[in-house]
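Below: the structure, in structure tokens.
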Amino acid sequence: MRAQLARVDAVLVQALIAAALSFAHLHDIASAAGQDGWKAWAYPVSVDLLLVAAWRRLRSGEAKASGWCWFVIALTASLGANVATAGLLDLDDVPAWLRILVAGWPAVAFLGGTLLAHTTPTTTDTDATDDAVDQEHAPELAPKEPPPTPPAIEPPPPERPAVAVPAALVEHARKVAAEHHTRTGAPIDTPTLRARLGVPAPMAEAIAAHL
């Protein structure tokens with residue numbers, strides 16, 4: 001635990017030293033380029049904020065091209081100030097191109113910060129390709145079962161040929177049916193009528209139809 005705290009403390013100390021030196025160098029460059037007072041202190045803050053915004057975009061894993069672009073721009077501004085103040089630039093006689101860069105930096109930093117913070121990352125071609133591959137390897141849907149076949153309607157049985165029934169037999173059957181109704185209180189059915197008359201089934205059905 002103590003070893004871990006020692007490593008963290010060392011990193012924090014290094015970060016504080018680097019930030020302080022870079023902050024001071026950017027302030028000196030801005031002051032030498034004609035930005036005096038509070039404006040000279042605002043330049044290093046602007047560069048550091050752009051670095052943080054670009055780093056957060058890179059950590060999010062989205063739109064890495066935009067994140068790297070603005071990270072390199074902010075890092076170049078910070079490193080350029082560090083190198084320029086190391087004796088390579090006469091701060092008493094700043095060239096015109098450097099004054100132009102310093103004057104235009106706020107607009108560049110504002111544009112970069114806005115794009116990094118408020119731009120919604122779009123789907124890349126790689127993502128579209130991955131989606132297509134996933135769809136190709138997706139399990140195929142089971143084929144739909146065909147609807148059940150309705151049962152076939154059987155044709156009605158052919159009608160039996162009409163059986164000629166003698167009138168005398170019909171009269172006798174009526175007497176039998178009346179006697180059966182009087183005795184049981186219910187109309188006579190075809191099997192009983194057939195048994196009482198002793199005739200075939202077709203003949204009994206034809207007699208029942210006449211009753």
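Heavy-atom contacts from other residues, nucleotides or ligands closer than 6.0 Å to CZ of R59 number 12 or fewer. Other residues, nucleotides and ligands contribute more than 12 heavy atoms inside 6.0 Å of the CZ atom of R174.
The two residues V47 and A74 come nearest to each other via the heavy atoms CG1-O, 3.6 Å. Of all heavy-atom pairs between G67 and L58, the closest is C-CD2, 3.8 Å. Nearest approach of L51 to L75, heavy atoms of both residues: CD2-N, 3.7 Å. Taking each heavy atom of S46 and A109 in turn, the nearest pair found is OG-CB, 3.0 Å. Q35 and A40 make their closest contact through O-CB, 2.9 Å (heavy atoms, listed as atom of the first residue, atom of the second, distance). Closest heavy-atom contact between P106 and A103: CD-O, 3.4 Å.
Under the 4.5 Å side-chain heavy-atom criterion for grouping Ile, Leu, Val, Met, Phe, Trp and Tyr, V52 is not connected to F110 through any hydrophobic cluster. Connection of W38 to V45 is not established within any shared hydrophobic cluster, with ILVMFWY side chains joined at heavy-atom distances below 4.5 Å, either directly or through further cluster members. L79 is connected to W55 through a chain of hydrophobic side-chain contacts under 4.5 Å among Ile, Leu, Val, Met, Phe, Trp and Tyr, so both are in one cluster.
A distance-only check finds a donor-acceptor pair linking the side chain of S60 to the backbone of R57 [under 3.5 Å].
Applying the side chain to side chain contact (heavy atoms under 4.5 Å, CB included) test to V72 and every residue at least two apart in sequence or in another chain returns T76. Scored by the ring-ring contact (aromatic ring centres under 6.0 Å, His included) test, W68 finds F71 as partners (sequence neighbours excluded). Applying the side chain to side chain contact (heavy atoms under 4.5 Å, CB included) rule to P191 yields the partners D189; only residues at least two apart in sequence or on another chain are considered.
The shortest side-chain heavy-atom distance between L98 and P95 falls under the 4.5 Å cut-off. In this structure, V108 and W70 have side chains that are in contact, with non-hydrogen atoms separated by less than 4.5 Å. Proximity of L116 to L50: side-chain heavy atoms (C-beta onward) are separated by under 4.5 Å at one or more points.
Separating the CD1 atom in I73 from the OG atom in S78 is a distance of 14.0 Å, to the nearest 0.5 Å.
Using a 4.0 Å cut-off between charged side-chain N and carboxylate O, K175 and E179 make no salt bridge.
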